[in-house]
There are 4 protein chains.
Amino acid sequence: MTDRGMGMWIHVDPRSPVPMYQQIVESVKANVAKGILNPGDKLQSVRELSVELAINHNTVAKAYRELERENVIEVIRGRGTFITLQPTAPNAEQRREEMRETIRKLLIEAHHLRMSHEELWQMFHQVMEEWRLSRETEAPESTEEGEKL
Amino acid sequence: MTDRGMGMWIHVDPRSPVPMYQQIVESVKANVAKGILNPGDKLQSVRELSVELAINHNTVAKAYRELERENVIEVIRGRGTFITLQPTAPNAEQRREEMRETIRKLLIEAHHLRMSHEELWQMFHQVMEEWRLSRETEAPESTEEGEKL
Amino acid sequence: MTDRGMGMWIHVDPRSPVPMYQQIVESVKANVAKGILNPGDKLQSVRELSVELAINHNTVAKAYRELERENVIEVIRGRGTFITLQPTAPNAEQRREEMRETIRKLLIEAHHLRMSHEELWQMFHQVMEEWRLSRETEAPESTEEGEKL
Amino acid sequence: MTDRGMGMWIHVDPRSPVPMYQQIVESVKANVAKGILNPGDKLQSVRELSVELAINHNTVAKAYRELERENVIEVIRGRGTFITLQPTAPNAEQRREEMRETIRKLLIEAHHLRMSHEELWQMFHQVMEEWRLSRETEAPESTEEGEKL
DNA sequence: GTGGTCTAGACCACT
DNA sequence: GTGGTCTAGACCACG
């Protein structure tokens with residue numbers, strides 16, 4: 001977005017209880033979902049990203065391996081790592097059930113925060129709108145920078 | 001719902017990666033949200049519950065401590081533990097923000113599962129309906145069993 | 001089978017081109033298939049096995065994680081690692097296709113070793129018989145030693 | 001099978017975890033086993049094949065070296081590379097033992113996929129039949145195209 | 001006690 | 001240059 005083309009979009013908080021490798025996984029997936037990272041885009045190498053984030057390369061490698069398992073990225077030997085061209089999500093049904101479970105937890109949390117279903121509904125709506133807007137703003141029409149698959 | 005009045009509604013899975021104390025916390029909160037547990041209802045003592053679930057009492061104690069911190073239950077010394085009569089949720093604004101963050105993660109996951117926003121919307125709707133129904137079914141009009149505050 | 005009940009059945013060759021963590025994975029799966037390790041049996045802890053094999057604990061941990069992903073073992077927090085009671089193999093269809101591919105490679109290799117299909121057939125038969133025999137010999141009727149789930 | 005006589009039968013996937021040079025080796029051996037390539041047939045030169053596959057020529061050279069080591073092909077200086085006329089497989093006994101080991105691994109995998117020995121047996125049978133059929137279909141009675149040794 | 005995460009630094013195979 | 005594996009040793013959360 002700013003100086004390096006692809007490289008500015010991941011932040012990791014070492015003090016967070018969520019493991020750093022997982023923060024990386026989530027960051028990459030978020031960037032894909034937002035259209036900041038598109039199929040065929042090249043990611044930084046494990047070592048590059050580890051330097052950028054000032055963390056160990058093993059931690060980045062672990063994140064990349066997990067992303068590969070989820071079919072979000074693919075590794076081309078000796079060339080680097082790229083966003084998968086034809087993504088397919090493994091375990092789709094199981095993951096949908098996990099999403100439902102997450103929604104149930106939101107309902108529980110809403111109850112404890114004394115939010116009505118109406119308010120929760122509005123929150124859904126609002127976040128989805130924000131998301132839609134940010135997608136339109138941040139996603140480049142066509143990336144002219146950065147190597148491609 | 002069966003033999004003990006209150007006590008049958010918690011299941012804990014030691015195989016789950018989510019810590020057992022947190023499973024208990026979530027179970028209790030779910031029961032409150034569903035109306036199975038109501039303000040003033042008495043909970044089992046730490047020892048009772050630990051026997052019931054066949055787990056270490058420290059684990060149950062940790063869960064109760066967390067629930068107390070969240071103002072879901074209150075301990076009356078010498079009498080026992082009860083669902084808070086006038087619940088107030090601490091850190092409300094922060095927790096609402098966490099809910100928004102959770103919704104954002106759902107949007108990301110939906111993208112990777114190639115779900116449209118329509119479909120996600122339907123999933124929200126469906127889960128909320130199920131929830132409403134189960135509330136009406138499971139929640140006793142008035143609990144006749146079990147000690148009250 | 002000799003001194004420690006469960007603990008003698010894994011060997012790992014650090015000079016092999018196949019990664020040590022994968023050798024462990026294969027060893028465990030072989031032991032399960034042979035009936036040496038049965039559902040509910042406890043495995044050595046990550047640290048114990050790493051000492052036994054004189055390798056780093058991270059390597060063992062990686063193997064155990066992979067085995068857990070394949071539903072061969074399950075971790076019970078704070079208690080240890082056990083052979084899954086109700087195993088289910090994920091990605092079954094894909095793995096069957098990989099098996100077919102392996103068989104095709106055997107056909108190719110047989111051709112280059114100038115083996116007739118008849119001879120290959122005999123090799124299959126022979127190995128399966130050996131296997132059946134070793135299962136009957138090595139599998140304990142009931143394990144009296146070692147902790148159980 | 002189409003335009004170049006010999007040259008269209010190798011596909012290499014840079015995404016695969018198996019090294020590209022080894023994919024080439026396996027491709028060539030598969031073509032020989034299927035009768036698509038026959039003793040005396042000429043292979044493309046290293047440069048030609050590297051252009052065709054759009055990969056580095058060192059990778060192709062490495063594959064050819066491995067094939068030569070296995071006595072599948074032979075290089076005639078100044079004339080080119082040919083399928084060996086009188087193939088002899090080095091390390092035959094060791095390779096047969098590796099085949100047995102592969103079969104053992106299939107037995108283990110079958111167990112974990114909850115396949116009976118019957119089913120595995122059927123899989124063997126089925127793949128061998130498919131193979132036989134494809135041999136009869138694809139193998140030219142006599143190759144009329146392409147240079148010969 | 002259990003497994004999970006992380007670091008620092010090494011070596012290797014592949015392209 | 002790429003990612004993959006391994007070691008040695010540390011810290012943490014959980015039960």
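Note that the structure is predicted; figures quoted are calculated from it, not measured. Residue numbers start from 1 in every chain, and the chains themselves are labelled A, B, ... in the order their sequence lines are given, proteins ahead of strands.
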Using the side chain to side chain contact (heavy atoms under 4.5 Å, CB included) criterion, which residues pair with D:A30? Sequence neighbours excluded. C:I108
From CD of A:E68 across to C1' of F:dG4 the rounded distance in Å is 11 Å
Distance in angstrom units between A:R65 CZ and F:dT5 P, rounded: 6 Å
Atom-pair distance (CD1 on C:I73; C1' on E:dT2), nearest Å: 13 Å
Can you pull the side chain to side chain donor-acceptor pair (under 3.5 Å) pairs that have at least one residue in residues 53-63 of chain A, sequence neighbours excluded? A:N56-A:N58
Between P on E:dT15 and CZ on A:F82, what's the gap in Å once rounded to a whole number? 14 Å
Run the numbers on D:E70 and D:R95 for salt bridge (charged side-chain N to carboxylate O under 4.0 Å, His left out), then give the verdict. CA-CA 11 Å; D:E70 292 191 30; D:R95 285 163 72 180; 3.7 Å; yes
Shortest non-hydrogen pair, A:A33 vs B:H112, comes out as N-NE2, 4.3 Å
Mind checking side chain to side chain contact (heavy atoms under 4.5 Å, CB included) for D:T84 and listing every partner two or more places apart, or none if nothing turns up? D:E74
Starting at atom NE2 of C:H57, determine the distance to atom C1' of E:dC6, rounded to an integer number of angstrom. 11 Å
In whole angstroms, the gap separating C1' of E:dT15 from CZ of A:R79 amounts to 10 Å
Salt bridge (charged side-chain N to carboxylate O under 4.0 Å, His left out) for B:E101 and B:R104? Distances and angles first, verdict last. CA-CA 5 Å; B:E101 188 56 33; B:R104 272 177 223 120; 2.6 Å; yes
Heavy atoms under 4.0 Å, any strand shown: does A:I55 hit a base, just sugar-phosphate, or nothing? sugar-phosphate
Would D:R69 and D:E66 count as a salt bridge (charged side-chain N to carboxylate O under 4.0 Å, His left out) here? Give the steps. CA-CA 5 Å; D:R69 226 181 44 76; D:E66 173 65 16; 3.2 Å; yes
Distance-minimising heavy-atom pair for A:A63 and A:Y21: CB-O, 3.3 Å
Which of F:dG4, E:dC14, F:dC11 is nearest the side chain of D:K62? It is E:dC14
Heavy atom of residues 16-31 of chain A under 4.0 Å from DNA chain E: which residues? A:P19, A:M20, A:Y21
Heavy-atom nearest nucleotide on DNA chain E for C:A61 versus D:T59: which residue maps closer to 5'? C:A61
Rounded to whole Å, how long is the line connecting atom CZ of A:R15 with atom P of E:dT5? 20 Å
Separation of A:L43 atom CG from F:dG3 atom P, in whole Å? 9 Å
Quick check: any donor-acceptor pair below 3.5 Å linking the side-chain of A:R47 to the base of E:dG9? no
Would you tabulate the side-chain donor-acceptor contacts of residues 12-20 of chain C under 3.5 Å, counting partners in other chains and residues two or more places apart, or write 'none'?
| from | atom 1 | to | atom 2 | distance (Å) |
| --- | --- | --- | --- | --- |
| C:D13 | OD1 | C:R15 | N | 2.9 |
| C:S16 | OG | C:V18 | N | 3.0 |

Could you work out which one of E:dG3, F:dG3, F:dT7 sits closest to the side chain of A:N58? F:dT7
Please give the stem ranges for DNA chain F, sorted by first residue number, where a stem is three or more consecutive Watson-Crick or G-U pairs and both donor-acceptor distances are under 3.5 Å. E:1-14 with F:1-14
